[in-house]
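Written out below as structure tokens is the structure these notes cover.
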Amino acid sequence: MEQYDVVVVGGGPSGAAVARDIAAAGYRVAILERDRDIGQPVQCSGLVTERTLAAAGISPEIAHNQLVGAAIHSPSGARYDIGGDRVHAYVLDRTRFDLSMMIQALELDVDVHANARVVDIDRERDSLRLTVESHRSIHEFSTRLVVGADGPRSIVAQFLELPPPVEVLRARGADVRLPARLAPDQVLIFTGERYAAGFFAWLIPLGRDRYRLGWGTSRAGSAQTLRNLTDDYPDIFSGMQILSQTGGLIPLGPRPVTSGERGMVVGDAAGQAKATSGGGLFTALTCARYCARTALDALSSDDFSAEKLSSYDRDWRADIGVELEHATALRSAYRELTDADLDLGLRMLRFRGMRAIVNRYGDIDYPSVLAARALRAAPSLLRLAHGRGNLRAFISDNAQSVVSASSD
Ligand SMILES: Cc1cc2nc3c(=O)[nH]c(=O)nc-3n(C[C@H](O)[C@H](O)[C@H](O)COP(=O)(O)OP(=O)(O)OC[C@H]3O[C@@H](n4cnc5c(N)ncnc54)[C@H](O)[C@@H]3O)c2cc1C
């Protein structure tokens, strides 16, 4: 049986980051990854900020494209252009991104086992035993500590009996070729029941005639969404050729507890993606730092008790916990808006002042900053949320800046 100080289950960005940072201190670390190829299959649209690339230690040169703005389409088809002032986001090749992160881990002597699916975890006296299915045979690994970076259906979270995230969103996508001539540096957003009930759809330019289409939803099937977009926006989608399709689950609203005796979970396994957008790379890498720090502390003191590891929970929540809670509250309120509510709310973007606020405070990593500023500038938006408890909770959390300003 192979023995490690830490076994990380899952070879995505959060697993690679945690493994890299623990191995950098000289500990023996393994990554067990179910899939054969790191970074495949791609289940991501790859839209990130420069901050995310910095957290990953990867140069922006890896990106397919840079985006300076967005055009938001209301349910009834009105279009509002925002941004255009500076680079707001980068579009990644996720496979290259994941591989680059994995190389960082390999350079620090992390043992990476691909095609290795963890099927069981058991407690021994002073360690854990992981049973792994690989090439149709069974292998066993022994470890002092396990880190679950194993995505939405985390086996490590099940083993630690962690409570579930608030919601699991279904996201679908396709890389497409479009004959239409669209701005090469602007993401298009489509809102409304017909495209992405309770969420939104997006079209990201990749360069030349290639685009990445995606949508999150708990209802409409893929075929219906694509038909509706083509019917309603023929100037954009006529002649669309689908090159490849993808899809996956995004857990939103973090698990209330993300650690237990001899284990922690991070990234999608912990439900750390932003509930407003489903973006999970920045938050995963942020939390990975705290996860590695707690692991190093536990290893050096040989204390893997639930109490010791709970400092991970405290640390990541002190950093981005409030932001994730706000995002969850905003999402709950957003889900309750009707198409008519959305049409009305988005009309605020006709005003130059509101567009200036969006341009100044819009930050896909910290969406609640913009939400608070927008509500402060346009208290009438609160009327959309009349009787909607979650938005009221968000507002009361921001009471100083939002409610007092709205009654000015
Ligand atoms: C369609 C879609 C679009 C998205 N677009 C964006 C975007 O534009 N920007 C953004 O920031 N985020 C986006 N996300 C979210 C983002 O992809 C995730 O938040 C991110 O991948 C989380 O990284 P992770 O390392 O925690 O998990 P993952 O990248 O999911 O990695 C988990 C790994 O664990 C492995 N694994 C699972 N179970 C086991 C097991 N039992 N044994 C061994 N290995 C196992 C899996 O094979 C996988 O490789 C999108 C998600 C989807 C589904």
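Counting starts at 1 for both ligands and their atoms, following the listed order.
- Salt-bridge annotation for Asp297 and Arg293: absent, with no side-chain N of the basic residue lying under 4.0 Å from a carboxylate O of the acidic one.
- Minimum heavy-atom separation, Met240 to Leu213: SD-CD2, 4.2 Å.
- Taking a cutoff of 4.0 Å between a charged side-chain nitrogen and a carboxylate oxygen, Glu124 and Arg129 qualify as a salt bridge.
- Classification of Arg210 and Asp175 as a salt-bridged pair fails, no side-chain N sitting under 4.0 Å from a carboxylate O.
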Can you give me a line-by-line list of nitrogen or oxygen pairs between ligand 1 and the protein shorter than 3.5 Å?
residue: ligand 1; atom: 5 (N); partner: Ser45; partner atom: N; Å: 2.9
residue: ligand 1; atom: 8 (O); partner: Gly46; partner atom: N; Å: 3.2
residue: ligand 1; atom: 8 (O); partner: Leu47; partner atom: N; Å: 2.9
residue: ligand 1; atom: 9 (N); partner: Leu47; partner atom: O; Å: 2.9
residue: ligand 1; atom: 11 (O); partner: Gly280; partner atom: N; Å: 3.2
residue: ligand 1; atom: 11 (O); partner: Leu281; partner atom: N; Å: 3.1
residue: ligand 1; atom: 12 (N); partner: Gly280; partner atom: N; Å: 3.0
residue: ligand 1; atom: 17 (O); partner: Arg94; partner atom: NH1; Å: 3.1
residue: ligand 1; atom: 19 (O); partner: Asp268; partner atom: OD1; Å: 2.8
residue: ligand 1; atom: 19 (O); partner: Asp268; partner atom: OD2; Å: 3.4
residue: ligand 1; atom: 21 (O); partner: Arg94; partner atom: NH1; Å: 3.0
residue: ligand 1; atom: 21 (O); partner: Arg94; partner atom: NH2; Å: 3.2
residue: ligand 1; atom: 25 (O); partner: Pro13; partner atom: N; Å: 3.3
residue: ligand 1; atom: 25 (O); partner: Ser14; partner atom: N; Å: 3.0
residue: ligand 1; atom: 25 (O); partner: Ser14; partner atom: OG; Å: 2.7
residue: ligand 1; atom: 26 (O); partner: Ser14; partner atom: OG; Å: 2.7
residue: ligand 1; atom: 26 (O); partner: Asp268; partner atom: N; Å: 3.0
residue: ligand 1; atom: 29 (O); partner: Arg94; partner atom: NH2; Å: 3.2
residue: ligand 1; atom: 41 (N); partner: Val118; partner atom: O; Å: 3.1
residue: ligand 1; atom: 42 (N); partner: Val118; partner atom: N; Å: 3.0
residue: ligand 1; atom: 44 (N); partner: Arg34; partner atom: N; Å: 3.0
residue: ligand 1; atom: 47 (O); partner: Glu33; partner atom: OE2; Å: 2.6
residue: ligand 1; atom: 47 (O); partner: Arg34; partner atom: NE; Å: 3.3
residue: ligand 1; atom: 47 (O); partner: Arg34; partner atom: NH2; Å: 3.1
residue: ligand 1; atom: 47 (O); partner: Asp35; partner atom: OD2; Å: 3.2
residue: ligand 1; atom: 49 (O); partner: Glu33; partner atom: OE1; Å: 2.7
residue: ligand 1; atom: 49 (O); partner: Glu33; partner atom: OE2; Å: 3.1

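- By the salt bridge (Lys or Arg N to Asp or Glu O under 4.0 Å) test, Asp319 pairs with Arg289, sequence neighbours left out.
- Among all heavy-atom pairs drawn from Glu261 and Leu309, the shortest one is C-CD1, 4.5 Å.
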